[in-house]
Enquirer: 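Could you have a look at this structure, given as structure tokens, before my questions?
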Amino acid sequence: MEIHLKNIAPSPLIGAFSIVGEVWEKEHHFKPENYIHILAPSGSGKSTLMGILYGMRNDFKGELRLQGESVLNLSQEDWSKLRSNQIGIVFQDLQLLDELTAIENIQIKNQLTNKYTQDEIVKMAKSLDVHGLLNKKVALLSRGEKQRIAILRALCMPFSWLLLDEPFSALDEVNTQKAIALIKAVTAENNAGLILSNLYSDSYFDYTKKVRMA
Amino acid sequence: MKVNIVNILLQGKSKLGLLIAGFGILLSSFLIASVYQLFNDVSFILDKSEKEEGFQYLQISKEVGVSTSLGLSSPDFSVNEIASLKKQNFIEDVAELWSNDFRVYGRFAGNGFDMFFTSVKPDFIDADTDDFQWEKGQVEIPVIISNQFLTLLNHAVLPSQGRPPIPKIAIKQATVDLQLTKDGKRLSYKARVVGFSDRISSVLVPRNFLDYANHELSGNTQTRVSMVVLKVKDSGEKTLRRYLDRNDYDVNGEQLVVQKSKTVLKITLGVVFVFGFVILILSMALSLSQIKGLIYQNKDRIRMLILLGYSPAGIIKSLLISIAKLLGVIILLVLPVIWIVFNSVHALMLTYALGFPQLTIGVWLIPIGISMVILSGIFASVKKLIK
């Protein structure tokens, strides 16, 4: 699925100050299986971009096309299908349900497509060292543990794009590398691309394209 | 492992309101369905004599006063009086109850008792008249007795003698030895009950037998009319009542009581129905507000589920399936309770010779209909909120 951005700019930013960087009001074609790095300092709108790409916001001008189709033509049901079968995401604020256990949070996503069995999920959790936490309530987990659960949840679906909004911000180097290895493997298994936004330049993946937001 | 998204929405929320709403729906469904069945039962018991296009039948006689006792006026209806009755536009039809002019003495199981006979035209008889035929020379006389007599016999006379009640089928098998006498003349017959009437409180015999016996024993060619049965549209009509009072006609007390009982019962059932309906409306309002509250409280969770890929329609469907299951449980609780209660009530009615009315299809449909209405209301409301 190709992502085509043409002169996109979030409405609240228009006229507020001069728009700079390589994303807003520019044209980009993100080809299937591309690895895109969005380098953006705090406040430059990387979460806004992720929100637009994930259909959470439509307060923008310009044109966003997914596989040639303008997102303006997509219904709520179309977005539900895209979010369950095409576009995965790790939210910056994680969006986990504190009252549920880690495994329940993962299964909420997995049961939409039954992508993995329980054993396969446990195996993936082992690779991130969180298998012992699966039956714990998320409220009791640390920020780093929650972030790994959110990564696991994002991978439990068939996808052609994976959106990662500062996905390793609370992880140490060892756990970051484990998460990268798992994301690489699952992304390759899905023949998918990814878009990672970060505050700083990194070399977590072999990026096809690096874009600066400011 | 399957995570139920409705459980997620219910997590940490008080279920007391939903339980109260569910109990209210259960109670109101039971009350409304019961009132519906009771209306049918009441009609079954009280309107049995009104089968013919809603007509009612009143059995009247002339009031017995001092002048009647002194022989100054006749307790029987004259030809003119019957003609006057027939002229009244609030009376659809009139049937004379002809009486015997001789003594009737019966013997059954060693007990002797005095009896009386009456006859009425066949289209006023609310019983099967196939066996109600007599021909000259026939020793066995077919008789139709009032159901009230049977009730009195089974529930007053026999129990007082420490004897068990007699079912209708057994009564039809027995014969009573009869001695008809007057002025030294005597005729012997046997009587067999061939039917039971709710309409006429008497012992009916075929008209040709009564005329024959009257003629043989009394020499009368004109059989006297002691009572009259009126076919009317509305036995409670004021002009009819006034006419009967003015002419000093007595109406069979039972029929007046029946009319009054019917009114009282229907008012009582109406009150229960309104009570049930109010509970239903309150329960529906409570269940709707509970579901709305649930959605408002779970706004963030629902938003998160939608962001994960759940469709609003899918969330609504899951919610409705859970509510439908709850309503299904309510129906599964209500229907057997109704079945048990009304089968017990109907069995009790049978022991009092009031018949055994069937459970109506409406009784089953009412709780299902109520559930469907509630589900539709919730669907419309939830759809608007989640969209």
Side-chain angles (χ1 to χ4, degrees), chain A residues 50-51 53-57 74-122 134-135 137-139 150 153-154 156-159 163 165, chain B residues 1-19 289-326 375-387:
Chain A
M50 290 298 191
L53 292 172
Y54 199 63
M56 291 157 64
R57 311 184 55 143
L74 297 180
S75 66
Q76 187 72 264
E77 294 296 317
D78 293 332
W79 273 114
S80 297
K81 280 179 197 153
L82 284 170
R83 288 169 189 154
S84 56
N85 285 291
Q86 295 281 332
I87 307 172
I89 189 169
V90 176
F91 297 101
Q92 190 186 26
D93 59 358
L94 306 181
Q95 297 270 1
L96 294 170
L97 279 170
D98 282 350
E99 304 84 358
L100 300 188
T101 62
I103 188 70
E104 284 171 337
N105 269 281
I106 296 166
Q107 281 290 11
I108 290 175
K109 181 77 184 180
N110 188 63
Q111 71 189 20
L112 279 169
T113 53
N114 290 319
K115 169 82 172 163
Y116 295 114
T117 63
Q118 180 92 351
D119 288 345
E120 287 169 330
I121 292 170
V122 172
L134 288 177
N135 291 314
K137 292 220 163 155
V138 164
R153 185 182 66 182
C156 284
M157 61 174 279
F159 58 88
L163 310 180
D165 192 359
Chain B
M1 180 187 178
K2 177 99 178 148
V3 184
N4 186 332
I5 61 167
V6 177
N7 288 346
I8 294 174
L9 301 183
L10 285 171
Q11 206 161 41
K13 305 286 184 287
S14 168
K15 295 163 192 82
L16 185 66
L18 277 175
L19 280 175
S289 73
Q290 285 293 313
I291 302 289
K292 278 184 181 176
L294 196 68
I295 290 165
Y296 278 124
Q297 287 168 10
N298 280 291
K299 228 163 48 182
D300 292 339
R301 289 178 185 179
I302 290 171
R303 186 173 172 274
M304 197 212 76
L305 287 171
I306 290 172
L307 286 182
L308 288 178
Y310 284 85
S311 69
I315 296 171
I316 293 168
K317 193 177 153 193
S318 301
L319 205 55
L320 288 179
I321 287 172
S322 295
I323 294 164
K325 280 182 187 167
L326 185 70
L375 205 58
S376 312
I378 290 173
F379 173 68
S381 171
V382 166
K383 196 176 161 190
K384 213 184 285 177
L385 284 175
I386 292 186
K387 288 264 161 99

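In what follows, chains are A, B, ... by sequence order, proteins preceding strands, each numbered from 1. Side chains are part of it too, since the values below use all heavy atoms of this structure and drop only hydrogens, waters and symmetry mates.
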Enquirer: Looking only at heavy atoms, which two atoms of A:Gln76 and B:Pro312 are closest? And how far apart?
Expert: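 Nearest heavy atoms, A:Gln76 then B:Pro312: CG-CG, 3.3 Å.
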Enquirer: Please rank A:Met157, A:Arg153, A:Gln118, A:Lys81 by heavy-atom pairs under 4.5 Å with chain B and give me the top one.
Expert: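 The residue among A:Met157, A:Arg153, A:Gln118, A:Lys81 with the greatest pair count is A:Arg153.
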Enquirer: Looking at CZ of B:Arg301 and CG of A:Leu100, how far apart are the two atoms once the value is rounded to the nearest 0.5 Å?
Expert: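 Going from the CZ atom of B:Arg301 to the CG atom of A:Leu100 covers 7.0 Å.
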Enquirer: In Å and rounded to the nearest 0.5 Å, what is the CG to NZ distance from A:Asn114 to B:Lys2?
Expert: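 Rounded to the nearest 0.5 Å, the CG-NZ separation comes to 7.0 Å.
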Enquirer: Working to the nearest 0.5 angstrom, can you tell me the gap between A:Gln111 CD and B:Asn4 CG?
Expert: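 Atom-to-atom, A:Gln111:CD and B:Asn4:CG are 8.5 Å apart.
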Enquirer: Can you tell me if B:Lys317 has over 12 outside heavy atoms packed within less than 6.0 Å of its NZ?
Expert: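 No, NZ of B:Lys317 has 12 or fewer neighbouring heavy atoms, counting only those of other groups under 6.0 Å.
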Enquirer: Looking only at heavy atoms, which two atoms of A:Ile108 and B:Tyr310 are closest? And how far apart?
Expert: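 Nearest pair, atom of A:Ile108 first, then B:Tyr310: O-OH, 2.5 Å.
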Enquirer: Is it the case that over 12 heavy atoms from other parts of the model lie below 6.0 angstrom from the CG atom of B:Asp300?
Expert: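 Open.
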Enquirer: Could you check if a side-chain atom of A:Glu99 sits within less than 4.5 angstrom of a side-chain atom of B:Ile8, using non-hydrogen atoms only?
Expert: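 Not in contact.
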Enquirer: Would you say that A:Gln95 contacts B:Leu308 through its side chain, given a criterion of any heavy-atom pair below 4.5 Å between the two side chains?
Expert: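 A:Gln95 does not reach B:Leu308 side chain to side chain.
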Enquirer: Looking at A:Glu104 and B:Val3, would you say the former's side chain and the latter's main chain have a donor-acceptor pair under 3.5 Å?
Expert: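 No.
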Enquirer: Between B:Gly309 and A:Arg83, which heavy-atom pair has the shortest distance, and what is it?
Expert: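 Closest approach of B:Gly309 to A:Arg83: CA-CB, 3.7 Å.
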Enquirer: State, with a plain yes or no, whether a side-chain heavy atom of A:Tyr54 is found less than 4.5 Å away from one of B:Leu307.
Expert: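 They are in contact (side-chain heavy atoms under 4.5 Å apart), so the answer is yes.
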